[in-house]
Amino acid sequence: ARAPRRGRAVIDAAGAMARANDANECVDAFGGAARASAHASDAARIARASKKVLRRGVDGARACEIGATCYVHFSLADVDTGEIVRDTRVDAEPIQFVCSDRFALDDRIAGRGAGSNIPALDVCAAGLATGERATFDAPAELCYGEAGSFSFPAVGKNRALRLDIEVLGVLGSADAPDVLQSDMTYEARVERVKRHRANGNASFTTGDTAGAIREYSMALTYLTEDFMMQLFDKYEVEANKEYASLHGNLCAAYLKLDAFEDVVAHAGYVLKVDANNAKAYYRRGKARASLGQDDAAREDFLKAKKITEDAGERDANVVKALRDLDVEARAREKASSKVFKGMFTTTTNDPTANADAAAIASAVADAASPPSPPLGFFSRVFGSRRGR
């Protein structure tokens with residue numbers, strides 16, 4: 001039914017007021033967003049100005065750009081205290097994200113979700129070449145702001161963070177975006193894993209060990225912990241196999257670079273899903289032996305030996321490693337024995353030094369000899385009469 005003239009006037013007036021209020025709110029919101037954007041832009045300039053290059057990028061390699069999917073390792077540390085609040089290298093979980101020029105205002109690229117968990121990653125990653133590693137001091141505005149974070153990672157209020165970021169690779173662009181990880185099926189993820197692993201194997205074969213590590217690490221971004229926890233049956237078996245292969249290949253690569261602690265860490269991830277992986281035990285044993293942890297190395301070699309023998313095989317590398325460990329142990333014992341013996345047999349032209357050495361040898365001999373039994377009463381009496 002048609003409303004009375006007065007009623008229509010009231011409705012029209014209310015609509016006009018609502019539109020006016022909406023317009024005012026839009027102006028206020030736009031002004032606030034613009035101010036926030038300008039403030040964040042200042043913070044971005046401060047962060048970029050603090051850049052310190054730790055390692056140069058690969059010549060001719062792609063750099064992170066707006067709209068591209070960037071694969072990175074990074075850590076966050078409190079600028080003032082140095083406390084590390086997150087480190088993807090320690091967790092062995094590099095990440096991927098669509099680099100966004102958001103400055104806390106816009107995190108959409110061509111209608112696609114974009115941006116990392118904190119704006120500092122977007123700001124600092126943009127322009128870094130593949131293989132490049134650098135640190136930036138990011139103001140709180142680009143991190144967790146005035147509120148901080150009380151979940152993961154735990155960051156206090158209004159804390160500036162030092163970002164250590166390493167670019168592993170770059171795929172896609174704003175014009176030709178890569179498929180988002182969250183939009184991939186299980187099969188698509190595993191296919192990406194296999195592709196990066198194959199690329200890494202090719203790089204390792206040609207001697208590009210650093211390139212191989214980057215490819216293996218990029219593959220790991222598709223096998224995140226939360227993704228793996230959702231798998232079951234044949235999917236879990238297949239994913240665990242890929243996961244173990246990637247960490248095993250990282251063991252081999254880091255062993256080649258003498259990065260022994262990294263070898264130990266990645267071997268642990270292999271054994272978490274494959275407790276009977278002889279290669280992981282062998283490689284960890286090699287790393288531990290190089291770190292001087294002979295007992296732990298021997299334990300790893302013996303486990304590798306048992307696994308291969310139980311499978312009806314014989315690994316010559318494991319046998320040789322155990323033999324080498326024994327030879328080195330005997331050599332150290334012999335060297336130590338010579339040093340100890342030399343402390344008391346060395347003679348010089350200095351009579352004082354020789355006398356000191358003789359005195360030390362005598363003291364050692366006395367200490368090694370059992371003490372004489374105490375004399376009884378009659379022995380002391382008659383002994384004293386004989387001039388004892």
Side-chain angles (χ1 to χ4, degrees), residues 68-75 86-98 112-118 121 149 151-153 166-172 177-204 212-254 262-284 300 303-304 307 310-311:
T69 300
C70 302
Y71 297 73
V72 303
H73 259 312
F74 75 95
S75 66
R86 186 179 178 187
D87 191 340
T88 63
R89 298 176 185 87
V90 172
D91 300 334
E93 273 206 4
I95 68 166
Q96 54 173 273
F97 66 96
V98 179
R112 303 164 65 240
S116 58
N117 59 344
I118 57 172
L121 271 173
S149 172
S151 56
F152 175 78
E166 174 187 7
V167 178
L168 303 170
V170 183
L171 293 177
D178 191 26
V179 180
L180 290 176
Q181 182 195 71
S182 58
D183 293 339
M184 288 185 177
T185 62
Y186 167 83
E187 290 77 12
R189 280 197 180 211
V190 172
E191 190 279 329
R192 282 292 184 93
V193 170
K194 292 179 177 179
R195 185 195 308 176
H196 286 298
R197 180 163 56 82
N199 292 342
N201 292 343
S203 296
F204 188 82
I213 290 173
R214 288 195 297 272
E215 288 288 346
Y216 298 144
S217 299
M218 289 173 71
L220 284 174
T221 65
Y222 296 96
L223 299 177
T224 57
E225 184 176 5
D226 58 344
F227 171 72
M228 300 285 281
M229 288 177 63
Q230 301 176 47
L231 303 179
F232 56 91
D233 294 341
K234 65 178 184 179
Y235 305 106
E236 182 181 12
V237 172
E238 182 182 28
N240 281 340
K241 183 178 178 180
E242 291 295 332
Y243 182 88
S245 294
L246 289 170
H247 282 290
N249 291 350
L250 283 166
C251 279
Y254 282 120
D262 290 316
V263 176
V264 173
H266 286 285
Y269 286 109
V270 176
L271 297 171
K272 184 173 71 171
V273 297
D274 184 3
N276 290 317
N277 193 300
K279 284 186 177 179
Y281 282 118
Y282 169 72
R283 289 165 176 161
R284 189 172 71 177
D300 280 339
K303 286 181 179 178
I307 292 170
D310 288 348

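Checked by atom type, the side-chain pair Tyr71/Glu215 shows no donor-acceptor distance below 3.5 Å.
Asp91 places no side-chain N or O within 3.5 Å of a backbone atom of Glu93 that could act as its donor or acceptor partner. Thr221 places no side-chain N or O within 3.5 Å of a backbone atom of Ser217 that could act as its donor or acceptor partner. In this structure, the side chain of Arg283 engages the main chain of Gly248 through a donor-acceptor pair within 3.5 Å.
In this structure Phe74 satisfies the ring-ring contact (aromatic ring centres under 6.0 Å, His included) test with no other residue, sequence neighbours excluded. Contacts of Phe204 classified as ring-ring contact (aromatic ring centres under 6.0 Å, His included), with partners at least two apart in sequence or in another chain: none.
Within 6.0 Å of the OH atom in Tyr235, the count of heavy atoms belonging to other residues, nucleotides or ligands does not exceed 12. Annotation: Glu187, atom CD; neighbour count of heavy atoms from other residues, nucleotides and ligands within 6.0 Å is above 12.
Distance check: Gln230 CD to Asp226 CG gives 6.5 Å after rounding to the nearest 0.5 Å. Interatomic distance, CE of Met218 versus CG of Leu246, reported as 12.0 Å (0.5 Å rounding). Here the CD atom belonging to Gln181 is positioned 4.0 Å from the CD atom belonging to Gln96, to the nearest 0.5 angstrom. Interatomic distance, Asp310 CG to Asn276 CG, rounded to the nearest 0.5 Å: 8.5 Å. Remark: Lys272 NZ to His247 NE2 distance equals 7.0 Å, nearest 0.5 Å. Atom OG of Ser149 sits about 10.5 Å away from atom CZ of Arg86, to the nearest 0.5 Å.
Just one of Leu121, Leu220, Thr224 meets the side-chain contact (heavy atoms from CB on, under 4.5 Å) condition when paired with Ile95; it is Leu121.
Contact check for Ser245 versus Arg197: side-chain heavy atoms found under the 4.5 Å cut-off. Within the 4.5 Å cutoff, no side-chain heavy atoms of Asp300 are placed close to those of Tyr282. Within the 4.5 Å cutoff, side-chain heavy atoms of Arg89 are placed close to those of Ser75. Using a 4.5 Å cut-off on side-chain heavy atoms (C-beta onward), Leu231 and Glu238 make no contact. With contacts defined as side-chain heavy-atom distances shorter than 4.5 Å, the pair Val72/Leu168 does not qualify. Inter-residue side-chain proximity for Asp274 and Asn240 is flagged as unmet; no heavy-atom pair is nearer than 4.5 Å. Here the side chains of Asp262 and Leu250 are not in contact, with every heavy-atom distance at 4.5 Å or above.
Look at Arg189 and Asp183 and you find no salt bridge, because none of the NZ, NE, NH1 or NH2 atoms lies under 4.0 Å from a carboxylate O.
The minimum heavy-atom distance between Ala278 and Ala304, with the atom names listed, is O-CB, 3.6 Å. Listed here is the closest heavy atom pair of Ala267 and Cys251: N-SG, 3.2 Å. Nearest heavy-atom pair across Asp178 and Arg192 is OD1-NH2, 2.7 Å. In terms of heavy-atom proximity, Leu271 sits nearest to Asn277 at CD2-O, 4.0 Å. When all heavy atoms of Ala239 and Leu223 are compared, the closest pair comes out as O-CD1, 4.2 Å. In terms of heavy atoms, Ala68 sits closest to Val170 at CB-CG1, 3.7 Å.
Residue pairs meeting the ring pair (Phe, Tyr, Trp, His ring centres under 6.0 Å) criterion with at least one member in residues 214-233, sequence neighbours excluded, do not occur.
Using bins of under 30°, 30° to 60° and over 60° for the plane-to-plane angle, the ring pair Tyr254/His266 lands in the parallel bin.
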